[in-house]
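Contents: one structure, followed by commentary.
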Amino acid sequence: MPPVMPGPDAVAAEGDPDALPVPTYRSLAAPVRRPVDKFELLPAFLKVRGLVKEHIDSFNYFITKGIKNIVQANNRIEARSDPSIYLRYKDIRVGEPSVQVDFRVETITPHFCRLTDRTYSAPVIVDIEYTVGKTHVVHRKPNFIIGYMPIMLRSYACVLNGKDEAELARYGECPLDPGGYFVVKGNEKVILIQEQLSKNRIIIDTDNKKRVIASVTSSTHEVKSKTVIVMDKEKIYLQLNQFTKPIPIIVVMKAMGIQSDQEIVQMVGRDPRYGDLLYLSIQECASERIYTQQQALQYMDDKVMFPGPGNVKEGRSKTLLRDVFVAHVPVENGNFREKCIYTAVMLRRMLDAILNSDTFDDKDYVGNKRLELSGQLVSLLFEDLFKTMNSFAVDRMNKNSDMARSSPLDFSQLIMQQDLITTGLERAISTGNWDIKRFKMHRKGVSQVLSRLSYMASLGYMTRITPQFEKTRKTSGPRALQPSQWGMLCPCDTPEGEACGLTKNLALLTHVTTDQEEGPLMNLCYSLGVEKLSLLSGEEIHAPGSFLVMFNGLILGKHRQPQRFAKSMRTFRQSGKIGEFVSIFVNEKQHCIHIASDGGRVCRPLIIADKGRSRVKEHHMKELRDGVRSFDDFLRDGLIEYLDVNEENNALIALYEHLDQDDVQRSSITHIEIEPMTILGVVAGLIPYPHHNQSPRNTYQCAMGKQAMGNIAYNQLFRADSLLYLLVYAQRPLLTTKTIELVGYDKLGAGQNATVAVMSYSGYDIEDAIVMNKSSLDRGFGRCIAMKKYTVTTEKYANGTISDRIAKPQRDKDGALIKQNMRALDEDGFVAPGQIIRNHDIYVNKQTPKAIPKTPGTTLTDRDYKDSPAVYKGVDGETTVVDRVMLCSDTNDKLTIKCIIRHTRRPEVGDKFSSRHGQKGVCGTIVQQEDFPFSERGICPDLIMNPHGFPSRMTIGKMIELLGGKAGVSCGRFHYGSAFGESSGNADHVDDISHTLVKHGFSYNGKDFLYSGILGHPLEAYIFMGPIYYQKLKHMVLDKMHARASGPRVLLTRQPTEGRSRDGGLRLGEMERDCLIAYGASMLIFERLLLSSDPYQVQVCRKCGLLGYYNYKLKTSFCSMCKNGENMAKMRMPYACKLLFQELQSMNVVPRLKLTEG
Amino acid sequence: MDRSAAGVSYQRFPRVRIRELKDDYAKFELRDTDASMANALRRVMIAEVPTVAIDLVEIESNSSVLNDEFIAHRLGLIPLTSSGAMGMRFSRDCDACDGDGSCEHCSVEFHLAARATDANKTLEVTSNDLRSTDPKVCPVDQAMAYQQAIGTADPYDTSTASDHRGILIVKLRRGQELRLRAIARKGIAKDHAKWSPAATVTFMYEPDIRINEELMETLTLEEKTSWVESSPTKVFDIDPNTQQVVVVDREAYTYDDEVIKKAEAMGKPGLIEISAKEDSFVFTVETTGAITAYELIINAITVLRQKLDAVRLQEEDGDFTGLDAHLGVA
């Protein structure tokens, strides 16, 4: 990109050299000079971090550090009877992905796993030390495998890590595939990002009774607990699940050793208003006659919920206070002071909120949210399984140690007894059920199958964030767009319907942090002048002018010069001395400095500006373009830094470097955006000119872009997806965006550039229907390939000695096939690739043994097998072709046959199409080319769209796309339409586009003079015509159309079956029935509900009113109750009614029919 | 429809003036007729002039990246020289082969066999690899290359041999193979666009431009220039000598009304009057190469005549009574 952009000013100057530059709205809004084009930073960022780096980073953190921490914390297990029998884990690591086949280790690749339904997993290797025998000889065993862990693709443990394109191709992998998912039993599974409220932070809120509460969810490695302090009737109480009743907070303070009321008030703060608010609480405590710590503890002991075995209540409350109450605040040597101060701070925040309602925390604020990523989730699972495995081993050791054995057990034999870890991890990831009792975690749908419908769909899955709330809640708060989402979460990409606003997506440049070591950071804080809490009196804590320093929710101490402290911390971060993701946030309102290094915060890179001047200069960008500078260098040199949502509050971020403003105006600017379009996510990034559209349209497109057919991956033809839709001639959009190029959508497009005429035509274009040109369809427009996988497994019986077999097609003596539906079969009994397969044809000629012989070893002959062929169920009249037949043995060594059947479809009436602006429509009719309107150049549109689609939808972006596309095809340059890109040169101006159009002989407004194709006369209006990128969506008539006259019925009720797949009937439901009743069409109802459903003739005994039967031999009806056939009557009723009577009878309820002559 | 005037003859005698005629391009004027005639000609040229195109493909071996239907579709769209198509039979009403399409009257067989053996290069299978059993029917590029080789090519044709590389069908990697048998048949583009001989067939009404010279003279040169430049296409110019506005290219006018709007904006309505001559048309015809532009026009007229003959025959049979009733004519 040249430094000077040929803007509209330049064009105006060409046309009229003498004219003075007239200031337009745009020339005022746009920066006059652009010394630095920062766009190159984006590809550089994505090169280093990748599109799904947060997933991969988080998993990498787990397999390199997290797993070691878990094992270190539980590294020794010992027998209960004899602690000298022990096992110690010395080290743990994750090996390279492999399987053990017949005592051989074979490395595996992800693609191999996808094709053979295996799990892409690597051994978890430990080095152990354990005692053997009665003499307790210490043995060491390195490289001991305790289980297999599914491996995230492109993580450190993955074979694809750091491979270039050629190597990836050799592994059968698509280089554009971002990784970040798992392959479990052949299925690709993504662990979705989970959104949670942040842990260990004080949240001031109101509960459903409008009471002010301060809550903290404490989470440490050992315990997780929730502490709530609530103000009820102007008195403050502590609520803990372990107590039966709320405890007055003053009692709690006293129980923790602060016996003097004065000190409590001092700790909260000296402001007399605090004292006023605390007065009643203090009084209540005094009225209970609690003055000392002992009394307070005794009072609390009485309120403990389950006082343990033997009803020992004494001392329970003290342990609860130590271990459960704000559990993340440590109690060292029984010193509760830190906890007291923490409680006081909680109280203070609460009282602040009562005095000034502005200080309530917003639960929906993104800074109060933490995103849980796959690494953390797998880590929890692994921790649980590892501990379970160890406790199992201890249990068994204890059981066995009682028995006298010739060779005494050792732990190494016990820990690997069941593959607990392997199956546990595999089951959780493949089902998505995270049931961890140890951490009280019961979550469903944590992992989901990665959608491979289109490239965008799979990318969209990787950035999706699922909420923790149940979706049924009608609250609007969490669904609303939060201002703090700016730049972190995409404002467009959210589903419609129940999950609207709850399920979110990451923006393009967002990064989610992983945990960072706390110790060194704490020490740094102290050496920068943070005064330790233990050295401060209650009075001093809240001294005016000094700020409390909070570190990951803990109170470190206070600092007298908060701004200086923050500045020096930030300098350390910018120079790379501390981690780049550490956030330093000065909260003026709360008089706090929050330092955060915990995982799960969202943050994004920004260019640092000194008094509004960007630190990134042109020479930096040149170095980047020349390849001598990477994105990390920018970080290390302090040109760019990551800010999280909280720290953004301390920054003033400019969209552009406003060089035309004077220093005073911009002196307060601290940061500059890298590129404004990065506030959108990956999926919204492919919309051209989204900033010209009505916002819901962009949201609709985000949902539809995922349903568009196109190319899925470079390896799409080697994959074995159960359903795969491909576009035959997929194109890259004529009107692209920078995001499209960054994510590779231009290489794996999902749509075609269609010449669209916006006009009314034929009347088959109402309600968003589109009219298509038959010749365009003949030439391949919208043509798609649907590939479907059919799997057949051969079962094994009698311990694997006998199994199903595949027989070759049976022929008579002339060599002709006995059954016609075997024509697609090859001589080996499988369908032949390339063969046309029709409805009811056999694709695998499988046979199963009729009976399993009792004596093992007998060989079965042909007669012992019966046919159980796999029959293809397709659409009559369509030509489907066998694409591939794949044979593999699954993990249980059963032969699995996968047949992939392909169907090439051309668009037909009713197929769904959509542009990139949330404008979907079905094909209304297909018209011959000669009937289509044409221009005098001979241009004839591919499809016609009704202009009524525009006024109410207000998709101006689509109109600009048409203009830009038209200019693009005429001048031979791809035009850009990146979001908010006009002022930075990433989107073409409409003015410039119009100039190009005029230069190539078109009207500036994109309208053409067309002739009617039917009559040859000119059309009355000029027609807006040009190319628009159209997507073919997966909803096709062929898969949906269904009609039935008569057909199969359900065995039990004899009513027509339900659903298209079972050739079911079309239900006349309650509402339709209501209409007929209202109309009075009684005979029609009778026909629909009885005759067309389940009519049945029954014999009713007029005497007893029960059902009899008809004896066909004697040709009489008979009542089995009355034992005669005298009073029988015939009647018709629904079979379901007769069934009901019989079922009632079986329950000893007698339904009697009373008949009268009709 | 007024049938009482049936005796009156509306016959006109259209005139055709050919402006430009190349192998695959023609531009001609059609005068003294109306839009229905011009449009009928255009429609027939696009949809009803028969050509030959591959219609049936039997794949013997295909290990390429594209699947069988994909290749078959691509083969179908290759234009084949079909000068003889008018004389051929449609395979559906061919007596010689009962319509199964494998006799010389209604079909031409093609063979294609390609196998990539070079390790470092992908082999491009193009339409030049198609081997025809009938020398008259072959892919257009092959025919042009052949003509060039024997020196009978269009003298105005400036293309070189490298321009006739053929139409790419599929690229083969080493070891991949494509062998097939294809049958080309006669057809019309109404059935499938692959049988369309026309790349572009379009016409426009000839514009009638009248400049109000008196009013024009009231403009300054600057005003004239800006007025001339307001047209997106180069229709007008200023004579450097007389400084008068002259029409340089009437047909470049796209009926965009820009100059009229400009004149109004300048406060000189009526500066120019432009109307379409309702009885003269300028046709632009471009073919795919399957037949020459000349053949296309002539064949189109033949087809149109045949259709009219069919209508006349029907009328003589008196089959129009139903139609009369439908049209509400007593």
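None of the values given here were measured: they were computed from a predicted structure. Quick note on labels: first sequence line is chain A, next is B, and so on, each numbered from 1. Side-chain atoms are counted along with the backbone in the values below, which use heavy atoms only and exclude waters and symmetry mates.
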>> Using a 4.5 angstrom heavy-atom cutoff, name the option from B:D34, B:L66, B:T284, B:D257 with the most pairs to chain A.
In response: B:D257
> Is it the side chain or the backbone of B:F281 that comes within 4.5 Å of chain A heavy atoms, both, or neither?
Replying inline: neither
> Distance-only, no hydrogens or angles: does the B:W227 side chain make a donor-acceptor pair with backbone N or O of B:K262 under 3.5 Å?
Replying inline: no
> For the candidates A:D883, A:D931, A:V881, which exhibits the highest count of non-hydrogen atom pairs separated by less than 4.5 Å from chain B?
Replying inline: A:D931
> chain B heavy atoms under 4.5 Å from A:D1008: which part of the residue, side chain, backbone, both or neither?
Replying inline: neither
>> I'd like to know which of B:M204, B:E69, B:E251 tops the heavy-atom pair count under 4.5 Å against chain A.
In response: B:E69
>> Can you tell me which portion of B:A189 sits under 4.5 Å from chain A's heavy atoms? Options are side chain, backbone, both or neither.
In response: backbone
> Can the ring centres of A:Y1004 and A:F1002 be said to be less than 6.0 Å apart?
Replying inline: no
>> Can a side-chain donor-acceptor contact be found between B:T202 and A:E936 if the only test is distance below 3.5 angstrom?
In response: no
> So which part of A:P833 gets closer than 4.5 Å to some heavy atom of chain B, the side chain, the backbone, both or neither?
Replying inline: neither
>> Has A:Q835 got a side-chain atom pairing as donor or acceptor with A:A832's backbone, closer than 3.5 angstrom?
In response: no
> A:S935 versus chain B, heavy atoms under 4.5 Å apart: side chain, backbone, both or neither?
Replying inline: backbone
>> Quick check on the interface: out of B:L77, B:T254, B:D68, who has the most heavy-atom pairs with chain A under 4.5 Å?
In response: B:T254
>> Using a 3.5 Å distance criterion without hydrogens, assess whether the side chain of B:T288 forms a donor-acceptor pair with backbone atoms of B:A198.
In response: no
> Which pair of heavy atoms, one from A:Y455 and one from A:L176, lies closest together, and at what distance?
Replying inline: OH-O, 3.0 Å
> Checking A:V728 against chain B: side chain, backbone, both or neither under 4.5 Å from a heavy atom?
Replying inline: both
>> Could you walk me through whether A:Y1022 and B:Y255 satisfy the ring-ring contact (aromatic ring centres under 6.0 Å, His included) test, starting with their C-alpha distance in whole Å, then the side-chain angles of each, then the deciding distance to 0.1 Å, before giving a yes or no?
In response: CA-CA 9 Å; A:Y1022 296 107; B:Y255 294 97; 9.1 Å; no
> With only heavy atoms counted, which part of B:K190 is less than 4.5 Å from chain A, the side chain, the backbone, both or neither?
Replying inline: both
>> Quick check on A:R783 against chain B: is it the side chain, the backbone, both or neither that has a heavy atom closer than 4.5 Å?
In response: side chain
>> Does any backbone or side-chain atom of A:L717 lie under 4.5 Å from a heavy atom of chain B? Answer side chain, backbone, both or neither.
In response: side chain
> Would you call B:D55-B:K186 a salt bridge at under 4.0 Å N-O?
Replying inline: no
> With the threshold set at 4.0 Å, does a side-chain nitrogen-carboxylate oxygen contact exist between A:R823 and A:D841?
Replying inline: yes
> Does any donor atom in the side chain of B:R74 or A:Y729 lie under 3.5 Å from an acceptor atom in the other side chain?
Replying inline: yes
> Relative to chain B, which segment of A:I785 carries a heavy atom at a distance below 4.5 Å: side chain, backbone, both, or neither?
Replying inline: side chain
>> Using heavy-atom distances under 4.5 Å, tell me whether B:T200 contacts chain A through its side chain, its backbone, both, or neither.
In response: side chain
>> Please classify the contact between A:K774 and chain B as side chain, backbone, both or neither, with a heavy-atom cut-off of under 4.5 Å.
In response: side chain
> If you tally heavy-atom pairs under 4.5 Å against chain B, which of A:G938, A:G1016, A:G1001 wins?
Replying inline: A:G1016
> A:Y843 and A:F830: aromatic ring centres closer than 6.0 Å?
Replying inline: no
> Checking heavy atoms, do the side chain of B:H192, its backbone, both or neither come under 4.5 Å from chain A?
Replying inline: both
> In terms of heavy-atom pairs under 4.5 Å with chain B, which of A:Q928, A:E930, A:K999 leads?
Replying inline: A:E930
> When you check the gap from the basic side-chain N to the acidic O, do B:E206 and B:R31 get nearer than 4.0 Å?
Replying inline: yes
